[in-house]
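Read through the structure below, which is laid out as structure tokens, and then see the notes.
All heavy atoms count here, side chains included; hydrogens, waters and symmetry mates do not.
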Amino acid sequence: MVRVPFRAAADRVRHRLSQLVRPASRSRTAAPKASRATVRTGATAPGVPEAPRTPVPGDLAAPAPRPWLRALGMLAVVVLGAWLGLLAVGSIRTPVGPMDTNMTLRPSLTGGSKINVAPLGALELDSHIAPLRLDVDVDRLDPERSQALVDQPERFSGLQDEVTRDVAAGTGELAVRSCVAVISGATALGLVVYRRPRRALAAGGLALTLLAASGVSAYATWNPKSVLEPKFSGLLSSAPSLVGDARSIVTEFDIYQQELARLVTNVTKLYDATSTLPVYQPDPGTIRALHVSDIHLNPAAWHIIASLVEQYEIDVIIDSGDTMDHGSAAENGFLDPIRDLGAPYVWVRGNHDSTVTQDYLKKFRNVRVLDDGKAVNVGGLRIAGTGDASFTPDRTGPGGNKAAAQLEGARLASALRDQERAGTPVDIAVAHDPNTARETDGTVPLVLSGHLHRRINEQLKLGTRLKVEGSTGGGGLRAVQNEKPEKVHASVLYLDRSTRRLQAWDEITLGGLGLTTAEVSRHLPEENLKKDPLVPPSSSPSPTGSGTRPTPSP
């Protein structure tokens with residue numbers, strides 16, 4: 001008698017599972033066994049008429065589940081399995097012209113296509129109506145294929161046909177991969193749920209049927225004119241005002257094709273210029289800091305910085321601001337490559353950077369954001385800085401007011417003096433505006449800034465050295481529109497590890513978009529030159545003892 005409650009509980013569980021995963025015939029054949037089990041337990045006394053049976057939970061003689069419930073359960077297994085299959089293996093990496101892309105099919109209620117162009121944003125096309133959406137992620141511009149276009153300009157005339165062939169080949173491979181992913185996912189999940197090969201194969205077949213129906217629907221509703229009405233997001237939301245009406249892109253495609261090819265050529269040459277820079281042998285007695293500024297949303301700057309970090313074995317990167325153009329949240333994705341630059345990153349806010357930008361960078365593990373005179377120890381140096389007093393894009397704040405910049409500099413100088421009194425003197429101060437930086441004279445050996453898009457090296461009256469860096473972004477994306485591209489500037493600072501004083505610096509200048517020159521010039525502080533009168537200014541020795549350094553012009 002003790003086993004009866006346990007047997008009834010087991011019957012309830014089996015009955016509920018059978019409603020979803022077992023056919024009706026299995027339930028009907030189990031009914032006599034349930035009746036015999038009831039007699040054995042003594043539920044009906046001898047000689048007493050048996051009362052009408054009322055189905056209870058757990059009774060295997062209960063009516064079979066409705067067919068539509070079984071069909072709904074099968075459909076849920078198929079959809080979930082197909083989706084998991086697409087997530088696991090339903091994407092391909094394929095080249096499209098000089099670009100590397102990742103194509104994926106995703107379940108969707110509205111269909112269409114989405115093209116992600118990181119970090120600029122995305123555009124969506126109402127290309128078709130089907131329960132599947134095509135996602136295309138543009139990962140990177142391949143330097144080798146771009147260089148091939150540069151070396152063989154005649155290939156630009158066939159670039160459009162090449163892109164068309166690449167897209168056709170990619171979508172064909174994606175279709176095959178998606179079929180395999182959908183069938184495998186649905187079959188595998190069906191086998192886990194039903195534990196019967198026949199029903200698992202039925203789930204795989206149904207998945208293939210649904211995918212084929214989706215393909216037919218996409219083909220029947222294909223709308224090639226959707227390119228005329230794209231939906232932009234992120235930074236690309238301003239694309240219509242920048243590149244003109246989408247219809248003009250179609251009607252004047254040759255012009256846009258030539259401009260795109262020219263941009264590809266310029267960026268490729270820029271990569272080549274950084275790869276030719278000579279490399280120093282590491283010196284354990286020297287701290288190497290890379291000073292960059294005014295990137296202004298130019299993605300090519302990250303490749304340049306990464307190349308310099310690797311070649312010079314940089315200990316810390318110092319960015320004196322204006323990394324953005326508008327400081328909007330949509331631009332934040334542009335900052336993500338900072339995580340992979342290979343060195344700690346110290347940053348202060350410029351007049352084109354917002355507190356939204358600042359808060360986003362604070363989340364990066366390798367980034368130290370400086371503001372209000374905050375000081376940190378990074379790469380063997382103690383660095384303090386402050387954000388810019390104004391924010392230019394939305395015209396808030398003083399907007400370039402020299403007095404406001406000087407007031408911010410006075411606050412920074414006060415914080416530096418507090419650090420000195422506390423026994424933790426600062427080695428380098430950082431501010432975006434040179435007017436702010438000048439106010440720190442006498443409180444720190446070296447102060448760095450940017451903002452002017454040109455270099456300044458000045459020994460201030462009370463002994464502080466002011467170094468203003470040019471634009472590491474070559475003026476930003478707007479440089480593509482200029483008749484003469486702005487040069488790309490960065491500097492490598494060499495500081496003594498024991499005294500943490502500036503010993504020398506290299507000024508690195510690249511020709512900018514469309515130019516292929518790369519210049520590296522060595523400079524020593526005047527006080528260092530006076531200590532060694534045998535060294536002429538034109539042949540300054542390397543702080544690593546490697547002698548003079550050539551100035552390449554590839």
Side-chain angles (χ1 to χ4, degrees), residues 13-14 16-23 26 65-96 100-118 122-140 167-222 233 333 336:
V13 174
R14 289 166 53 198
R16 292 179 181 179
L17 289 176
S18 68
Q19 286 184 329
L20 292 177
V21 302
R22 293 184 179 178
R26 186 76 174 266
R66 297 177 182 178
W68 67 269
L69 285 177
R70 296 198 304 273
L72 185 61
M74 172 67 80
L75 183 62
V77 169
V78 169
V79 172
L80 180 59
W83 179 65
L84 293 176
L86 288 175
L87 286 180
V89 294
S91 62
I92 63 167
R93 292 185 60 84
T94 181
V96 177
D100 287 336
T101 65
N102 191 68
M103 294 185 178
T104 311
L105 285 179
R106 291 282 183 260
S108 172
L109 296 177
T110 58
S113 302
K114 185 176 182 180
I115 303 174
N116 300 297
V117 188
L123 59 92
E124 298 182 14
L125 306 176
D126 293 329
S127 56
H128 62 277
I129 300 175
L132 290 174
R133 184 186 71 198
L134 174 63
D135 284 356
V136 180
D137 296 323
V138 179
D139 292 340
R140 70 186 185 103
V167 171
T171 51
E173 183 180 351
L174 178 62
V176 175
R177 176 72 67 87
S178 299
C179 287
V180 174
V182 165
I183 296 174
S184 301
T187 303
L189 187 60
L191 190 60
V192 171
V193 173
Y194 296 108
R195 298 182 180 180
R196 298 182 63 190
R198 181 177 297 179
R199 292 182 67 78
L201 291 176
L206 180 57
L208 180 60
T209 302
L210 293 178
L211 181 62
S214 300
V216 172
S217 175
Y219 181 80
T221 59
W222 182 253
S233 61
D336 290 344

Quiz item: Distance-only, no hydrogens or angles: does the T221 side chain make a donor-acceptor pair with backbone N or O of H128 under 3.5 Å?
Solution: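 Side chain of T221 to backbone of H128: no pair is present.
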pair [X]-[Y]: side-chain heavy atoms closer than 4.5 Å:
X    : Y    : answer
M103 : E173 : no
L210 : L75  : yes
T187 : L191 : no
L211 : L132 : yes
L105 : V182 : no
N102 : I92  : no

Atom [atom1] of [X] and atom [atom2] of [Y]: how far apart are they, to the nearest 0.5 Å?
X    : Y    : atom1 : atom2 : answer
S214 : I129 : OG    : CD1   : 13.0 Å
T101 : R93  : OG1   : CZ    : 8.0 Å
R177 : T104 : CZ    : OG1   : 10.0 Å
R196 : L201 : CZ    : CG    : 11.5 Å

Quiz item: A200 and G190: which non-hydrogen atoms are nearest, and at how many Å?
Solution: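 Shortest heavy-atom contact: CB-C, 3.8 Å.
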Quiz item: What pair of heavy atoms forms the shortest contact from S127 to S113, and how long is it?
Solution: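 Between these two residues, the closest heavy atoms are OG-OG, 2.7 Å.
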